[in-house]
Amino acid sequence: MQKLVKMLMIGGVVALAGCVGLTRTAPVVGDTVADTQAKFGLPTAVYPAPTGQVMEYATGPMGQYTWMANVGPDGRLVSFEQVLTGEKFATLKIGKSRKEDVLRTIGRPAETSFLSLPQLEVWSYRYKEAGVWNSMMHVHFDRSGVLSMMQNGPDPMYEERRFFKD
């Protein structure tokens, strides 16, 4: 019974968080940083970029959406997009992208872990594959911080409990 109550409470919080996210007004190209923050709130992180900065608006660790606001050197918004998509993951380059590149491209992970035998750090991202399937992308980095592989699959958070032992 306690598990049911806990699950219902978590579900209620997630639902309310989703409703809050729906009431935001998306910023438009040309907005200032102040305009963007007035419309979408304070960013969850800010990353330096070669041509300005990137402001992250993450809904994680349980959320499946992260918006990135790319700001030019003049302090005005260049683009604003939801980045947890298969298309955006595909822009990351195996053997070339570094942790900093991944953070600027798709933001912070929902979870991190470490695989000791192959010595890989893993960042995991919840997302809706093709806008439909509850999925998880696992981004693996070698010891020098370079992207070495990516794997996706179903998000275990949404899998039916009958497949798991309590």
Side-chain angles (χ1 to χ4, degrees), residues 9-113 121-141 145-158:
M9 288 176 62
I10 290 171
V13 169
V14 169
L16 286 173
C19 292
V20 169
L22 293 174
T23 62
R24 295 184 195 181
T25 301
V28 295
V29 172
D31 279 353
T32 65
V33 169
D35 294 336
T36 302
Q37 290 180 359
K39 291 178 180 178
F40 227 67
L42 292 175
T44 51
V46 177
Y47 306 107
T51 59
Q53 65 181 351
V54 179
M55 296 189 309
E56 169 196 273
Y57 290 92
T59 62
M62 301 310 214
Q64 297 173 316
Y65 303 96
T66 295
W67 289 268
M68 295 300 230
N70 292 293
V71 179
D74 62 353
R76 296 202 170 270
L77 192 64
V78 175
S79 67
F80 186 79
E81 63 181 324
Q82 199 290 105
V83 294
L84 297 183
T85 66
E87 295 79 16
K88 203 63 163 178
F89 288 125
T91 66
L92 301 173
K93 302 297 180 209
I94 304 291
K96 294 190 182 214
S97 295
R98 302 192 56 76
K99 288 181 182 180
E100 306 82 41
D101 303 320
V102 172
L103 287 172
R104 272 194 307 271
T105 304
I106 57 176
R108 68 181 184 190
E111 299 175 7
T112 61
S113 57
E121 184 176 351
V122 182
W123 292 2
S124 301
Y125 295 85
R126 289 188 163 83
Y127 74 110
K128 288 269 194 191
E129 187 171 348
V132 178
W133 295 285
N134 296 315
S135 301
M136 202 151 203
M137 179 65 75
H138 305 282
V139 179
H140 299 74
F141 297 97
V146 176
L147 180 62
S148 63
M149 71 182 209
M150 295 171 62
Q151 294 178 313
N152 73 325
D155 185 341
M157 184 171 78
Y158 294 98

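Scope of the values below: all heavy atoms of this structure, side chains included, with no hydrogens, waters or symmetry mates.
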Subject >> Pairs satisfying salt bridge (charged side-chain N to carboxylate O under 4.0 Å, His left out), at least one member in residues 78-92, at least two apart >> reply: E81-K88
Does [Y] offer a backbone N or O that forms a donor-acceptor pair with the side chain of [X] under 3.5 Å?
| X | Y | result |
| --- | --- | --- |
| R126 | N134 | no |
| T36 | P27 | no |
| T44 | A58 | yes |
| Y125 | V139 | no |
| S148 | H140 | yes |

With a 4.5 Å cut-off on side-chain heavy atoms, are [Y] and [X] touching?
| X | Y | value |
| --- | --- | --- |
| Y127 | D155 | no |
| K39 | V28 | yes |
| F80 | D31 | no |

Original post:
So, D101 and R104, do they make that salt bridge, N to O below 4.0 Å?
Top reply: yes
Rounded to the nearest 0.5 Å, what separation is found between the [atom1] atom of [X] and the [atom2] atom of [Y]?
| X | Y | atom1 | atom2 | answer |
| --- | --- | --- | --- | --- |
| Q64 | T59 | CD | OG1 | 8.0 Å |
| R108 | L103 | CZ | CG | 10.5 Å |
| T85 | E129 | OG1 | CD | 10.5 Å |
| L147 | F141 | CG | CZ | 5.5 Å |
| Q37 | L42 | CD | CG | 5.5 Å |

Minimal non-hydrogen separation, [X] against [Y], with atom names:
| X | Y | result |
| --- | --- | --- |
| I106 | F89 | CD1-CE2, 3.4 Å |
| A90 | K93 | O-NZ, 3.9 Å |
| M62 | Y158 | O-OH, 4.3 Å |
| V78 | V71 | CG2-C, 4.2 Å |

For residues 46-55, which side-chain donor-acceptor pairs fall under 3.5 Å, sequence neighbours excluded?
unit_1: Y47; atom_1: OH; unit_2: E56; atom_2: OE1; d: 2.8

**OP:** Return the set of residues passing side-chain contact (heavy atoms from CB on, under 4.5 Å) with S124 (not counting sequence neighbours), or none when no residue passes.
**Re:** E111, V122, M136, H138
Original post:
E121: what forms a side chain to side chain donor-acceptor pair (under 3.5 Å) with it, not counting sequence neighbours?
Top reply: K99, W123
Subject >> Set of side chain to side chain donor-acceptor pair (under 3.5 Å) partners for T32, sequence neighbours left out >> reply: D35
**OP:** Start with the C-alpha distance between S79 and N70, add both sets of side-chain angles, then the distance that settles side chain to side chain donor-acceptor pair (under 3.5 Å), and finish with yes or no.
**Re:** CA-CA 5 Å; S79 67; N70 292 293; 2.8 Å; yes
Original post:
What residues form a salt bridge (Lys or Arg N to Asp or Glu O under 4.0 Å) with R76, not counting sequence neighbours?
Top reply: none
